[in-house]
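Numbers for residues simply follow the sequence, beginning at 1. The basis for the numbers below is simple: all heavy atoms, side chains too, and nothing from hydrogens, waters or symmetry mates. For ligands, and for the atoms within them, numbers begin at 1 and follow the listed sequence.
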Amino acid sequence: MKLTFLGATNTVTGSKYLLEHNQQTYLIDCGLYQGVKYLRERNWIVPPISVSKLNAVILTHAHIDHSGYLPALVKNGFTGPVFCTEGTHELCKILLPDAGFLQEEDARFANKYSFSKHKPALPLYTEKDAEHSLKQFRSCAYHSPLALPGDLQLSFSPTGHILGASAVQLTSASTNTTLTFTGDLGRYQDLMMYDPEPINTTDYLVTESTYGDRLHDPIDALDVLQKIITKTTNRGGIVLIPAFAVGRAQLILHLVAELIEKNRINKIPVFLNSPMAISATEIYQRFHHELKLTATDCNRIDQYTHYVKTVAESIDLNTRQFPCVIISASGMASGGRVLHHLKAICGNYRNSIVFVGFQAPGTRGESIINGVDQVKIHGKYYPVKAEIHHLDNFSAHGDYKDILTWLKMIKSPPKCTFITHGEPAAADSLRLKIKDQLGWKCCVPSYRDSIELK
Ligand SMILES: [Zn+2]
């Protein structure tokens, strides 16, 4: 077995791992690079693999940094199957076409203002390309081993990160070698996701390290949310929650519905204003048996939530002045409908803006939580007078304690643990903790490193 790291090395995006075994090739995760420019430019470099000969792509989960390069791979000649869980498949049906649409929008914008060095600027792929790539998806059940060419067995086990997220295990019977990819690991005692499921054993492990150097604040999420909503609505203000459309938006809806149901907050209107979050909520409700959501919880979400579907309704929402909760995407306020709410809400001290997840460097969300007194949106500056909260306790990623808890359940030390999907400090910090606390051999691979797994 030979493993090559084509993404998520010393960064949290672009997850892509090439596995070569018995003359067969597989790509585990097929993520888009996001964030800083030199990384995004890698999206335009075709991976150094024979794309048309690739046997299959295997996805750990639907997030774009793990799946978003797939339509480009198909455009470049990949015709094989894409294996993933059913939840991942359903979420990709909304996430990938949206990613294509956004890239078309970016290209249109670049052409309109002529700021791209490429004339004309082209999208990496279109919404249509993304829809085309979905035809290659094959859903797999958890714990149902699938035989792949090259004497490999593939299986998925849930990791509690988002719906459908799973660890991917590949086993070669002839060499008696197992390789496991964690994908993104969720948290223990999450309010909506079940705990990450342990794996028994593996010879080699590729683990994420997003929070490899941090611990989440041990807060009671319901309590904190109750206090913020009560304080804001008592002074006649609006609570705006920029949230990631998949996962976090559903968790917030679930918690707010519970607070209303238990009379812990007044029965105020709750608006979900993001077409993608609305579609994702419908999928989460359909797959509620995979989550800690009962049918009653799902009904309660519908009972207390106004789904804002049209642009006219979205605009109308900003003309209203009454206490309410608005949940909108994107989670880092880098785009989407949340920007219109931000413009209308941020200048009034009565309002609160609550960020509920990781805010990447350089995003509007990061600058607002760092206390800027004005924020630039659509070319204009707006004063920030609203009360700002950052609750990274709502993250869908485990912290280093969660990661170590999951690792400790593996019965014997892997021959080597590769630490990926983390900024350099986070990845190295997790490396040291694994080495010191578990005594395991581990390393932080670099971009395009290739390793023979014996
Ligand atoms: Zn993820």
Side-chain angles (χ1 to χ4, degrees), residues 7-17 27-35 39 57-70 82 84-96 98-99 142 156-168 180-188 190 192-197 206-212 214 216 243-252 276-277 280 283-284 287 290-291 329-332 334 356-360 363 365 392-400 402-403 406 419-423 426-427 430:
T9 48
N10 280 310
T11 179
V12 293
T13 65
S15 280
K16 253 180 240 91
Y17 310 104
L27 199 61
I28 293 85
D29 277 344
C30 191
L32 203 64
Y33 279 104
Q34 295 165 307
L39 288 174
V57 171
I58 300 157
L59 298 181
T60 60
H61 66 291
H63 275 150
I64 287 299
D65 58 322
H66 293 257
S67 71
Y69 187 75
L70 198 71
V82 179
C84 63
T85 63
E86 215 184 331
T88 298
H89 185 179
E90 288 303 309
L91 290 174
C92 280
K93 284 182 191 171
I94 56 170
L95 283 166
L96 293 181
D98 180 73
Y142 288 112
F156 295 93
S157 58
T159 54
H161 169 59
I162 59 166
L163 175 70
S166 53
V168 163
T180 305
F181 298 84
T182 63
D184 288 352
L185 279 172
R187 307 174 58 177
Y188 289 90
D190 187 82
M192 194 172 60
M193 303 300 301
Y194 287 111
D195 288 354
E197 201 175 284
V206 178
T207 181
E208 71 129 324
S209 59
T210 315
Y211 283 88
R214 273 175 291 171
H216 296 309
F244 301 97
V246 174
R248 295 308 88 182
Q250 291 72 40
L251 175 62
I252 301 292
M276 201 206 286
I283 296 171
Y284 266 63
F287 283 78
E290 291 191 18
L291 313 160
S330 73
M332 299 187 206
S334 46
V356 288
F358 185 72
Q359 301 298 309
T363 57
D392 88 336
N393 186 279
F394 283 76
S395 169
H397 285 269
D399 59 17
Y400 71 73
D402 291 315
I403 299 173
W406 189 83
I419 298 156
T420 61
H421 201 289
E423 295 299 327
L430 186 66

Is the Zn ion (ligand 1) under 2.8 Å from any N, O or S atom of [X]?
X: His61; answer: yes
X: Asp184; answer: yes
X: His63; answer: yes

Open item on the list: With no hydrogens and no angle check, just 3.5 Å: does a side-chain donor-acceptor pair link His161 and His63?
Closed with: yes
TODO: State, yes or no, whether a side-chain contact exists between Glu197 and Thr159 at a heavy-atom distance under 4.5 Å.
DONE: no
Task: Under 3.5 Å: donor-acceptor pair, side chain of Glu90, backbone of Gly164 - done: no
Open item on the list: Using a 3.5 Å distance criterion without hydrogens, assess whether the side chain of His216 forms a donor-acceptor pair with backbone atoms of His397.
Closed with: yes
TODO: Give the atom name of whichever N/O/S atom in His161 sits closest to the Zn ion (ligand 1).
DONE: NE2
